[in-house]
Amino acid sequence: MDFRWSLVWDSVPTLLDGLVTALIATAFGYVIALVLGLVFALLRRSDSAWIRWPIGFLIEFIRSTPLLVQLFFFFYVLPLIGISVSPLLTGAFALGLHYATYTSEVYRSGIDNVPVGQWEAATALNLSTRRTWTSVILPQAIPRVIPALGNYVIAMFKDTPQLAAITVLEMLGLAMSIGSDTFRYAEPITAMGLFYLIVALVMAWGARIVERKFGTVRA
């Protein structure tokens, strides 16, 4: 078997640059997904149909189209309307918006699982709507969905190779570049796979720590 482990090792320094790029895109995208997802979930519970329906349509539209299509859309359309950002930020935004539609459903399930009595108690105490949400409902709803939200950061990280389609040189793009230079693809792809495995395991471990901190799993 002509497999050169030395070339796997030689690929590491280059792929580390791609790993940093993937982590930056994941971090920005995840923050966007958490914030936008919560906003979407709250807007879908609005009393106004003029707010609920457009948000519902937007969520279903984004969730029904591939992430790759959304990457190309933002990459080619944003410059046409005068918005010029780097491909990395474009990719992070597309990732965040794509996953915001999924996190909004997770938030929704958490909110729906808050006992009705909590709403009634807040009403009995004459709390304002904002105070009811910030002091009663969300502090109970969000811890219930932390395990699902933790899964999305790993899924988002594993989707970063798609950023290569809009010229972002994360690990896949750099692995292909090494392969084209050396005419050997198995070794850099192997190194890339090991990077993804190690980082995903670390993320899963971190997610378990957060879950334990909020008491959503037993130690």
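One is the number of the first residue; the rest follow in order along the sequence.
Other residues, nucleotides and ligands contribute at most 12 non-hydrogen atoms within 6.0 Å of the CZ atom of F28.
Side-chain contact between V12 and F195: present, with at least one pair of heavy atoms (C-beta onward) separated by less than 4.5 Å. At least one side-chain heavy atom of L172 sits under 4.5 Å from a side-chain heavy atom of E170. V77 is listed as a side-chain neighbour of F73, based on a closest heavy-atom distance under 4.5 Å. Counting heavy atoms from C-beta outward, L169 and T21 have side chains that stay 4.5 Å or more apart. Using a 4.5 Å cut-off on side-chain heavy atoms (C-beta onward), L127 and S135 make no contact. In this structure, the side chains of Y76 and I166 stay at 4.5 Å or more apart for every pair of heavy atoms. Between N113 and Q140 there is no side-chain heavy-atom pair separated by less than 4.5 Å.
In terms of modelled atom types and a separation under 3.5 Å, the side chain of S64 and the main chain of F61 share no donor-acceptor contact. Under a 3.5 Å cut-off, the side chain of T65 and the backbone N or O of I62 do form a donor-acceptor pair. For the pair S46 (side chain) and L42 (backbone), a donor-acceptor distance under 3.5 Å is absent. Remark: the backbone N or O of T101 is not paired with any side-chain donor or acceptor of E105 at under 3.5 angstrom. No donor-acceptor distance shorter than 3.5 angstrom exists from the side chain of Y107 to the backbone of Y102, with no hydrogens or angles considered. Remark: the backbone N or O of T190 is not paired with any side-chain donor or acceptor of E187 at under 3.5 angstrom.
A single hydrophobic cluster is seen to contain both L163 and L16, as judged by linkage of ILVMFWY side chains at heavy-atom distances under 4.5 Å, directly or through other members. There is a path of hydrophobic side-chain contacts, each under 4.5 Å, that joins L36 to F74. Tracing side-chain contacts under 4.5 Å through hydrophobic residues (I, L, V, M, F, W, Y), one reaches L34 starting from L67; they form part of the same cluster. One hydrophobic cluster, built from ILVMFWY side chains closer than 4.5 Å, holds both V199 and W9.
Within the model, atoms CG of L23 and CE of M171 stand 7.0 Å from one another, a figure rounded to the nearest 0.5 Å. Considering CD1 of I24 and CG of L89, their distance stands at 9.5 Å, rounded to 0.5 Å. Taking CZ of R4 as the start and OG of S11 as the end, the distance is 11.5 Å to the nearest 0.5 Å. With values rounded to the nearest 0.5 angstrom, I154 atom CD1 is found 8.5 Å from L201 atom CG. Distance check: N151 CG to M203 CE gives 12.5 Å after rounding to the nearest 0.5 Å. Distance CD1/I51 to CG/L43: 6.5 Å, rounded to 0.5 Å.
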Side chain to side chain contact (heavy atoms under 4.5 Å, CB included) between W133 and I137, worked out
CA-CA 5 Å; W133 278 106; I137 305 303; 3.6 Å; yes
As a quick check of understanding, evaluate side chain to side chain contact (heavy atoms under 4.5 Å, CB included) for F72 and V69, giving each step before the final call.
CA-CA 5 Å; F72 281 130; V69 172; 5.9 Å; no
Checking side chain to side chain contact (heavy atoms under 4.5 Å, CB included) for the pair L97/Q70: CA distance, chi angles, key distance, verdict?
CA-CA 9 Å; L97 182 62; Q70 294 160 21; 5.7 Å; no
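For R144 and D112, the salt-bridge test fails: no basic side-chain N is under 4.0 Å from an acidic carboxylate O. A salt bridge does not link R52 to D47: none of the charged nitrogens lies less than 4.0 Å from a carboxylate oxygen.
Nearest heavy atom pair, residue T103 against residue A33, reads OG1-O, 2.9 Å. Pairing each heavy atom of V145 with each of G110, the nearest pair is CG1-CA, 3.6 Å. Taking all atoms of both residues into account, the shortest heavy-atom contact from A191 to L15 is CB-CD1, 3.5 Å. Smallest separation of non-hydrogen atoms from A49 and P54: O-CD, 3.8 Å. Between L174 and G18, the closest heavy-atom pair is CD1-N, 3.3 Å. Heavy-atom minimum distance, A25 versus L88: CB-CD1, 3.8 Å.
Ring centers of Y152 and Y30: at least 6.0 Å apart, outside the cut-off.
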